[in-house]
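Each remark here refers to the structure printed beneath this line.
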Amino acid sequence: MSTYKEFLQNNGEKHWQDQWEKWQINKAVDFDKKPKKYVLDMFPYPSAAGLHVGHPEGYTATDIYSRYFRMKGFNVLHPMGWDAFGLPAENYAIKTGTQPKTITEKNIETFKRQIMSLGFSYDWSREINTTDPKYYKWTQWIFLQLFKKGLAYEATVPINWCPSCKTGLANEEVKDGKCDRCGTVVEKKDMRQWMLRITAYADRLLSGLENLNWSESIKALQRNWIGRSEGAEVDFRIANLPAGRQGSTKKIRVYTTRPDTLFGATYMVLSPEHPLVEELKDQIKNWSEVEKYITKAKNKSDLERTDLAKDKSGVELKGVKAINPVNQEQIPVWISDYVLASYGTGAIMAVPAHDERDFEFAKKFDLPIIQVVAPFFSSQVAPACPRSDKETVRRQSVGCFLKHWSEDKYLCLEWKDFGWHSGIIGGVESGENAIEAGLREIQEETGYQNVKFIKQITGETHSYFYAAHKNINRYACGPVLLFQLVDDNWREPELEHVKNHRAVWVDGDKMGEFINLPSFIYGWQALKSGQDCFTDIDSGVMINSEFLNDLKPSEAIGKMADWLEEKGYGKKAVNYKLRDWVFSRQRYWGEPIPLIYCEHCKKQKQKVLIIHGWEGSGEDNWLPWMKQELEKDNFEVFTPTMSTSASPKVDKWMEELMPYMEKLGENDIIIGHSLGSNAAIRLIEKANKKIGHLFLIGSAIGKLPEKRWKLFQLGIMLGADIKSLREFWEKEPLNWSKADELVANKHVILSDDDPYIHPDTHKDVPQNWNFELWHGHKHFTAFEAPEILQKVLVCKPTGWIPVPENELPLELPEVDKYEPTGTGESPLVNIKDWIVTKCPVCGGEARREANTMPQWAGSSWYWLRFIDPQNDKTFADFEKLKYWMPVDVYVGGAEHAVLHLLYGRFWNMVLYDLGYVPQEEPFTKLVNQGMILAENSEKMSKSRGNVVNPDDVIAEHGADAFRMYEMFMGPLEDVKPWNTKGIVGICRFLERVWNMVSSPLQGEVPVGRRGIELKQDLPHPNPPLIKGRGQDALEIILNKTIKKVGEDVENMRFNTAISAMMVLINESKGVSKEFLEKFLLILSPFAPHMTEELWTKLGHKESIFKESWPKYDESKIKDEEVELVVQINGKIRAKLKLPTGTTEAEAIATAKNDENVKKYLDGVEIKKTIFVQNKLISFVI
RNA sequence: GCCCAAGUGGUGAAAUGGUAUACACGAAGGACUUAAAAUCCUUUGGCUGCAAAGCCGUGUGGGUUCGAGUCCCACCUUGGGCACCA
C-alpha cells in the first residue's frame, strides 16, 4: 500500500480525472426525471497568462456544490466555456502577426488543461466558445432581434475614445477617466456608433432585482448604476425672442428632483452641448465668447472635467432670459459644463440656496440667491419640548455669535433650565431689523456696549420649543448673525435679562463641541464652511413660496408637481443615470455586426396608411396634420375615409382598405385610431402580408364591459348607431397571433384618461407588443399629435438592412493586418470583397457594417447556449430552456456586478419579451466570490510579480489539497490573502485520512490525535462491532458532522464544513469501515481524487460519485451530556455536566449545590431565574 | 460628498441574542531519532494567583436586555463602488 505522497507522485489524480470522463459521470441529461440543478460559473476569458489562483476559487465552490447535489439525487448541469473575443488576443496579434484565432485556441488549450487538472466535474460535452462561428451565429441573431425591435440604433455621439487602444469604450470600461484596459486618459470623440437601448429596460432591470436572491451589496451596486430618480420636468419659456418670433413657444425644459424649490430658481444653466444654444445664436449678444466656451468644454476629457469639478466655470447667454413659470420672473440663462448633456434634459434650473453646486456657481458669478426652505429645529426633550396644551406664539428672532475684540473666542450662553449652550438669542421688536435686534440684545444680555455687525451667517431658520419662562410654545424664525465686540466697555446688565442663563467665553476651536442648540450648531457649521445651503427634504419648512409656505419640502414636491401638471408647465418625470450601451468596437476580434447599408433602400419612400375610427374621416382629428407633417419628411400617406363610417361594416371597410394594403411593403406603416385599430388587425389578417410597423392609438380592440355598452346606448351618444359599432367591434375575435407574426413592430398607445377605452380592456394584447399608457391625451382627438409623429418618424428607413438569417453566421474574414485603422474604423473596412456586398432587399450594391461587437456580447446570453450547445436551428430549444432555466446558482467575481450582469439580464429580458426564453430573470441566486490577494495583501498582478500559479501548487501538494485550501481560507465571499504556508494544514489532514484508511491494510496502527479512547483498535477491514462509550460518542459526532457538512455545502459555507470534518478526524481513532465509508462520502466533493482512490481501496468497484450522500440519524446527533452554564448577573460562575434534557427544577437544584455558585447566592435574594434547556441557568440577584 | 461591506488572538478565521477565540497556521516545550525532517503529545488573549479562583477583553462611546461580537444610536478606521446625475 502506497502513501498519499506516492499516490500524488504517480499521477493518481490524473488517473481518476480520465476515468470520470470515460464514465461520463458529469453528464447532464436533458429532461431527466430527477430534479434539476443548473450550477454556473462565470466563464473565463482565456488569457495567455493562464489560470491564476483566483479562478479556481469559484470553480471549486461550484464543483463541490455540483458533486454534492448529484449525490443528493439531482440532475446537475455544470458546464464550462470560453469568453474568447477581446482585446488582449487582438493586441498580441498586432504585435506578432499571428491570427487572433490561433492565439485564442492555444490559450483555451492551456486553460482547459489547467481547469481539468483540478478535477472539476464539468460536462465537457457542452463546452462552448464565443469565437466559434457556430456560437456567434446566435449572438448575431440575437442582435438582429434587438435591431428589429428598435432596440439597436445608430447614433453619432461623443464617445469615450482611447487614443492608445484606438477604439471607443463603453462607459463601463472607463475608470477614473482612464481606459480600464491600458490606463490611458480617455478623450471625447464624436463617432458613428451602434447603440443598444438598455435605458428602455431601466425600470424593469431595477424592479427585477427585488425578487432575486443576490447579496444586497450587489443589488445596491446595480441600483446605483441604474440610478433612478423621481422628479419633474418643468418648461421655462424664453422671454425675449427677437421680433418675428414672438409667437414661438421656444422653451427650456429642465429636469429637477426638487420642484418644491422652484420659487428659489434664480437662473438657468444649459449644458454646453445643448441644441438650444445653437438655435438661439442670433439672440445671444456674446456669441463668440459662448462659442469659445463650448469648444473648450467639448475638448475636455472626462478626467479634466471631473478634476476641475471644484472650480466652476460658465458663460452667460447675454440677451437671453427665461421665465420662471411660478412667478413669471425673468432669470438669466448660462451655459456651464457642470451641467451634463447626457442626463435629464441637459438643462437645469439653478436653486443656489438649496443646491451646493448651484450655490458655488452663484457665489462665483455673483448671481442672486433666494432662500425657499428654512431649516427647522424642534426640541424633542423636556423641558424644552413643545407642549400640546400650550399656545404657540410665532415671532421673528435673531441668533448671534459674538466674537471677542482681539482673541479667537466667543461669548456664549449657558441656559440654566434647558441645558442649552447657545449664542445670544433674542426677539425682533416691531420697527427693528434683525441686525438692530441683535445689537440691542447683545447689549442687554451681556452688558457689552460697543458691538459691530460683521455678517449674516445663515438665512432664516425656524425653531420650535417650549419657553418655560413665558409658559408658551415658541416658534422662532430668524437668521444667525455674526457680531464682534469693539472693546471691553461693559456695564452690569439688568437682572431680568440674565436670570435664565449665564455668559461664558468659549475658545473658537471648542465651539463645535460646546454649542448644542440645533439652530446654532447649524449656524456654526455654516460659519466654518462658508456654505448656507440647506438640502434636507424631511426636516425643513417652505418659506417665500406662496402656496407652498409652511409645508415640509417632501410634501411640497408633490404639491408643486401637481400644480405644474395642472397648469401645463410641466409634469412628473423619472430619470436614470443608466445610459444606452455603446455597442460597436472599431476592432477586428469581435462578432461582425450583421447589418448591410443600402443607400437605395434608404431613399425609398415609406408608405403610411392611417385608418380613422367610428364616425370619423380622413379629415378628422390629427389625421390631416399628420399627413402633412409626414409628407414633409418624404413619406407617402394615405388617409382614406370609409363610406360606412357612422354605421361601420367590417366587410365594407376591408373592401375599401384592401387597395391601399396592396400598395404597402414589408417596411411600411399602418396607423389605426380607435375603431381603425380594430380594422387594422383584421386587415392585416385578411391581406396576410408582412408589414413593418403597426400603431394602434386609443385602440378599440379589447372587450368592453356590458355596463359601458349600456352607457353608450343610454344617450351618451344620442342617435348613434351603437349596434353597428358593436357588431364591428366584436365580430370574430381579433387574430392576435397572425398580426403578431406578420408585423415586425407593434405599438399600442392608450391614454389613462380615455373616456371610452380603459387599459384593462387590453389584457389580450400579446406581451411582446410595445404597450404604452400615456397621460392626458383623452381619446386622441386633438388636431395635432406631435408625440405620435415622433414615434412614426423613428420608423423611417435608415438604410440598414439585416443580413438574412439563413446567411448567418456572418463570419469574420481573415485579414493580414489587425491594427485598428486609427480613424475609428475597424480593420475590416480594408477588405473590399467582404465589405462590398449586395443588398438583401433590392439587390443593389451595398456595404457591410465594419464595426464589431464588444466583448460583452457573447457573454450576454451564454448560459442559454449551455442548455443546447449543438442546436443549429435555434440558439436553444425552448423546451430544454424550460427544463433547465433559470440558473439556480451563479458564481463569479463581483467585478461583473454592473457590466456583465446588467447586460445579461437585459438580453435575457428582451428574449423573454420575444417569447424565446421562459424566464425574465436568468439568475435566481448569485454568489460573488471574494478576490484572492497576494501574500502581502496586494492585488495579484503580473507587474507586481506576486502571482501564484495553480500549476505549481498542484504539482507540490495535489489538486485536492489546493481545492480544499482555497475553500478553507475563509468565507467564499470574503477578500482574503493567499498564504502558501497555510496549505500544509490541509495536507496533514488529507494524509491523516489516507493513513486511517490504508494503514490497517498493512497491519499498522491507525494514526489519530486526541482520540476518543476505544476499547479496541484495528477495526479494518472487517472490524468487530465495538460497543461502549467511545463508539457511541463517535456515532454522535459522525452524524452531527454529516448533518453540518450537508447544510454548510448547501449554504456554500465550505470553510466551516472542512473544519467540522477536521474535528471529526481529530476525535477519531480506531474506527469501523462503515464510519470510514460515510466519512469518505462527505469528504468526496471536496477531495474527489483521494476519496475515489480510497473508495476503491475499501473494495468498491463503482465510483464513489455514484453513491448517495449519507443520511444522518437524527436520534444520534444528541449528546448524552451537556455542559450547562450557570450565570449570576450575567457572569459565568459555574459549568455543570448534566444529562441532556435535564429539567429546570433539577438543573437549578444542581446549580444551587455547586460550591462556587453557593458562594454568590448565599444569603441573597434571587430576583429572577432564567432557564434555557441544555444551555444555561441565569440567576439575577 | 453619496451608497455598500467589514473591524474578534501573532496570522487566516469560528460563534440561531446564551460558555468569545472552534478549525488551521505560526510559536514554545516535550516524545521518537546519533541528528535533522516527518510524525505524535502538551501549551498558546491579557493581567493577578502556588492553586482554587478572580478581573479585563470582539474598533470607540452610549443604549436595549437577566445576558450583546451579534440588536439600536452616534462616531472612528479600512476596503469596494459611484461621483458636478440636478
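Below, read A as the first sequence line, B as the second, and so on, with proteins coming before strands; counting in each chain starts at 1.
Between A:K1135 and A:E1123 there is no salt bridge, since no side-chain nitrogen of the basic residue lies less than 4.0 Å from a carboxylate oxygen of the acidic one. Between A:E216 and A:K219 there is a salt bridge, with a side-chain nitrogen of the basic residue lying less than 4.0 Å from a carboxylate oxygen of the acidic one. Taking 4.0 Å as the cut-off between side-chain N and carboxylate O, A:R228 and A:E230 count as a salt-bridged pair.
With 3.5 Å as the limit, one finds a donor-acceptor pair spanning the side chains of A:S229 and A:Y255. Checked by atom type, the side-chain pair A:Y338/A:S271 shows no donor-acceptor distance below 3.5 Å.
If A:L221 and A:G346 are placed on RNA chain B by their nearest nucleotide, the residue sitting closer to the 5' end is A:L221. Between A:P971 and A:K1175, the residue anchored closer to the 5' end of RNA chain B is A:P971, taking for each the nucleotide with the nearest heavy atom.
Rounding to the nearest 0.5 Å gives a distance of 13.5 Å between OG of A:S1059 and CZ of A:F1054. The CD1 atom of A:I1128 sits 7.0 Å away from the CZ atom of A:F1179 when rounded to the nearest 0.5 Å.
Summarising the geometry, the separation between CZ on A:F1086 and C1' on B:rC23 is reported as 14 Å, rounded to the nearest angstrom. With rounding to whole Å, A:Y255 atom OH is found 16 Å from B:rC84 atom C1'. The CD atom of A:E1067 sits 13 Å away from the P atom of B:rA22 (whole-angstrom rounding). Rounding to whole angstrom units, CG of residue A:N1055 and P of B:rC25 are separated by 16 Å. The CD atom of A:E360 sits 17 Å away from the P atom of B:rA86 (whole-angstrom rounding). What separates CG of A:D355 from P of B:rC2 is a distance of 14 Å, to the nearest Å. The distance between atom CG of A:N995 and atom C1' of B:rA38, rounded to the nearest whole Å, is 12 Å. In this entry the distance linking CG of A:L270 with P of B:rA86 reads 18 Å, nearest Å.
Comparing B:rC55 with B:rA20, their P atoms are spaced 12 Å from each other, to the whole Å. Here the separation of B:rG67 from B:rC76, taken at their P atoms, is 29 Å to the nearest Å. B:rC25 sits 30 Å from B:rG17 when the P atoms are compared, rounded to a whole Å. Using P as the reference atom, B:rG46 and B:rG9 are 12 Å apart when rounded to the nearest Å. Here the separation of B:rA6 from B:rG26, taken at their C1' atoms, is 25 Å to the nearest Å. Comparing the C1' positions of B:rA13 and B:rA22 gives a spacing of 10 Å, expressed to the nearest Å. B:rG69 and B:rC32: their C1' atoms are spaced 43 Å apart (whole Å). Atom name P, nucleotides B:rU78 and B:rU8: the rounded distance is 14 Å, in whole Å.
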Report task. Please report the C-alpha distance between A:R579 and A:S342 in whole Å, then the side-chain angles of each, then the deciding distance to 0.1 Å, and finally whether the side chain to side chain donor-acceptor pair (under 3.5 Å) criterion is met. Result -> CA-CA 8 Å; A:R579 308 291 150 84; A:S342 49; 2.8 Å; yes
Requested in this report: Determine, stepwise, if the pair A:Y267 / A:F365 fulfils ring-ring contact (aromatic ring centres under 6.0 Å, His included).
Outcome: CA-CA 11 Å; A:Y267 63 99; A:F365 294 105; 8.9 Å; no
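Listed pair A:R988 / B:rA24 fails the phosphate criterion, with no side-chain N or O lying under 4.0 Å from OP1 or OP2. In this structure, A:R1053 does not reach the B:rA14 phosphate: none of its side-chain N or O atoms is under 4.0 Å from OP1 or OP2.
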Query raised in the report: Reading nucleotides 54-73 of chain B 5' to 3', which nucleotides get B (base under 4.0 Å from a protein heavy atom), which S (sugar-phosphate only), which -?
Result: SSS---------BS------
**Report entry** Footprint string (nucleotides 4-12 of chain B, 5' to 3'): B base within contact, S backbone only, - free, heavy atoms under 4.0 Å
**Finding:** S-------B
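Among residues two or more places apart in sequence or in another chain, the side chain to side chain contact (heavy atoms under 4.5 Å, CB included) test is passed with A:A202 by A:I226, A:Y576, A:L578. The side chain to side chain contact (heavy atoms under 4.5 Å, CB included) check on A:N1051 picks up A:R1053, with sequence neighbours excluded.
Taking 90° from 0 as the syn/anti boundary, the base of B:rG9 is oriented syn.
Aromatic ring pairs are classed by plane angle as parallel below 30°, tilted from 30° to 60° and perpendicular above 60°; the pair A:Y4 and A:F7 is parallel. The aromatic rings of A:F962 and A:W978 are tilted relative to each other, their planes meeting at an angle between 30° and 60°.
Contacts of A:S229 with the nucleic acid, taken as non-hydrogen atoms under 4.0 Å apart, involve only primed sugar atoms and P, OP1 or OP2. If you check every strand for non-hydrogen atoms under 4.0 Å, A:V1125 touches a base.
Nearest nucleotide to the A:N1066 side chain, out of B:rA86, B:rG26, B:rC23: B:rC23. Side-chain proximity of A:Y343 to B:rA24, B:rA86, B:rA14: nearest is B:rA86.
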Query raised in the report: Starting at the 5' end of RNA chain B, what dot-bracket string do you get if Watson-Crick and G-U pairs under 3.5 Å are bracketed, crossing pairs use [ ], other-strand pairs use | and unpaired bases use dots?
Result: (((((((..(((.....[....)))((((((.......))))))((((....))))..(((((..]....))))))))))))....
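Within the structure, side-chain hydrogen bond (donor to acceptor under 3.5 Å, both in side chains) pairs that include any residue of residues 963-973 of chain A comprise A:D63-A:R963 (at least two apart or interchain).
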